[in-house]
There are 2 protein chains.
Amino acid sequence: MTGMIKRETMGAQLGSLLRAAILSGEFQPGEAVTETALAVRFGVSRGPMREAMRHLMDEGLLVTVPYTGTRVLQLTSADIDDIYSMRICLEIFAFEQIWERRDEAFRTALTQRHAALLEAIDDGDDIRSIDAELDLHGLVYETCGNSILLSSWSGIRARLQLYWAAHHRAHGITGPKRESHDDYVRLALGDSRERMKDEIRDHMSRGLDKTMAFVSSVEGQKAGSNRRKK
Amino acid sequence: MTGMIKRETMGAQLGSLLRAAILSGEFQPGEAVTETALAVRFGVSRGPMREAMRHLMDEGLLVTVPYTGTRVLQLTSADIDDIYSMRICLEIFAFEQIWERRDEAFRTALTQRHAALLEAIDDGDDIRSIDAELDLHGLVYETCGNSILLSSWSGIRARLQLYWAAHHRAHGITGPKRESHDDYVRLALGDSRERMKDEIRDHMSRGLDKTMAFVSSVEGQKAGSNRRKK
DNA sequence: ATGATGTAGATTGTCTACAATCACCGAGGG
DNA sequence: CCCTCGGTGATTGTAGACAATCTACATCAT
């Protein structure tokens, strides 16, 4: 059954669905997910489900141990630190690459994504705000057209989105502030590479501080959380 | 049959075998590879074979189009350029991260890998020389302990290894020169971050020049090479 | 009581058969 | 001569059943 979906392989679509389910909080970080359960959940067989899970594993959202089980990624404070330092490195690199090639298309796309972020914030939709913020930052990576850079960003983006979403749900903390990206957008459209690079460093530093305060409080349960059997 | 291998899933082992087969030249860049053919080649079923191929796809060595086929990655000059600029960015970043934490273990490992490279060069073993050179560069990434950085390096490494191996086979060009990494190792163990960063830029620039000269001569057949059916 | 040990359940890994999709090629009509 | 259209083969996608392995719990001996 379920043979009416077209133009894309089932595994890929399942990957998107599963990713959305994880990011929406249906499965929490550290929670175990089984192939069979997900297969019946989405009404498909284990084959495509496995394919989708493999995709999310490579993206970093799922972690599996052979013959034992699969669970949703649970980040440590060290992981968060690694992610943010990588973000600084890659985003500066990306802006260096495209700086001289910024055209009208780039400018309009950036302002559009910024507007989408503001709209999501105004609507009070946290999940959409997170998505919009990451889309905004993603533009420079996409503009580069460097496939390796883009896949690196995908891994970073997935981990950040997972963590933020869980963070917000668990603690009721609001999403990004309305003015949080004004400087970022302004300088990205401006004329000074160095000021943009400084802004990236500042931006990430603020984000890291905001993030680290929480993760350290729930540390120490990365490997041994097995409650909630059913 | 073939049920006596232990401690690691078949798909992972098959991935290593297939990677080795590709890098050894059994399958050339742009050549089509089919699941069934590889499955009988390695004496397993399509399931594990698929798993292994999926792994190599994420690594970047294989490219697949749904319902149609899978072929070995064929790099364009733009890809090579992207790879080398990423290498500069990431390797400088990696050295910045570990610079103050370089300990005795790092120093001995670096000299050991350099010695291994020299031995491979002296033996005239091109494949092993390439592997040793990439292992040498890989140490700094491994020392960082940053999982995202490491996976980015894996993608770069796989693509470079594939390209160099095919390059050398097709044109009989020798591997890395014996003295090519003397400065790199010396400065990596030295005291000046800035000189090391300059060395990385120079090192990559030389590598890119050596590489680009060839790839541009065979451009223009990325999408349409379908000969050699059997 | 404590430790080792065997046993049961669950989960992933693997295999075989079948279906959906696509590229190629040749025939027929314009 | 060129374009359209259908057939044919190949390749990947999907399904369900079976085997290998791991974790946890109960049992038994010390």
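Computed from a prediction, not measured in an experiment: that's the story for all the values here. Proteins come first, then strands; the chains are lettered A, B, ... in the order of their sequence lines, and each starts at number 1.
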Distance, rounded to the nearest Å, where B/Arg71 contributes CZ and D/dT11 contributes P: 11 Å
Heavy-atom donor-acceptor pair, A/Arg46 side chain to A/Thr36 backbone, under 3.5 Å: no
Sugar-phosphate, base or nothing in reach of A/Gly47, heavy atoms under 4.0 Å: nothing
Sugar-phosphate, base or nothing in reach of B/Thr68, heavy atoms under 4.0 Å: sugar-phosphate
Whole-Å gap separating P (C/dT21) and OH (B/Tyr67): 6 Å
Nearest-Å distance for atom pair CZ/P, residues B/Arg50 and C/dT16: 16 Å
Atom-pair distance (CZ on A/Arg46; C1' on D/dG13), nearest Å: 16 Å
Flag side-chain contact, heavy atom, 4.5 Å: A/Thr70 against A/Met53: yes
Closest to side chain of B/Ser45, choosing from D/dT12, C/dT14, C/dT16: C/dT16
Test item: B/Arg113 side-chain N/O and B/Asp135 main-chain N/O as donor-acceptor pair under 3.5 Å: yes
Donor-acceptor pair, side chain of B/Arg159 and main chain of B/Gly155, under 3.5 angstrom: yes
Gap between atoms CE and P, on A/Met10 and D/dG16 respectively (whole Å): 11 Å
For atom CD of B/Glu35 and atom C1' of C/dC15, their distance in whole Å: 14 Å
Atom pair distance, as rounded to whole Å: CD in A/Gln13 and C1' in D/dT14: 13 Å
Rounded distance (Å) that lies between atom C1' of C/dT12 and atom CE of A/Met49: 14 Å
A/Thr70 side-chain N/O to C/dT12 phosphate OP1/OP2 under 4.0 Å: yes
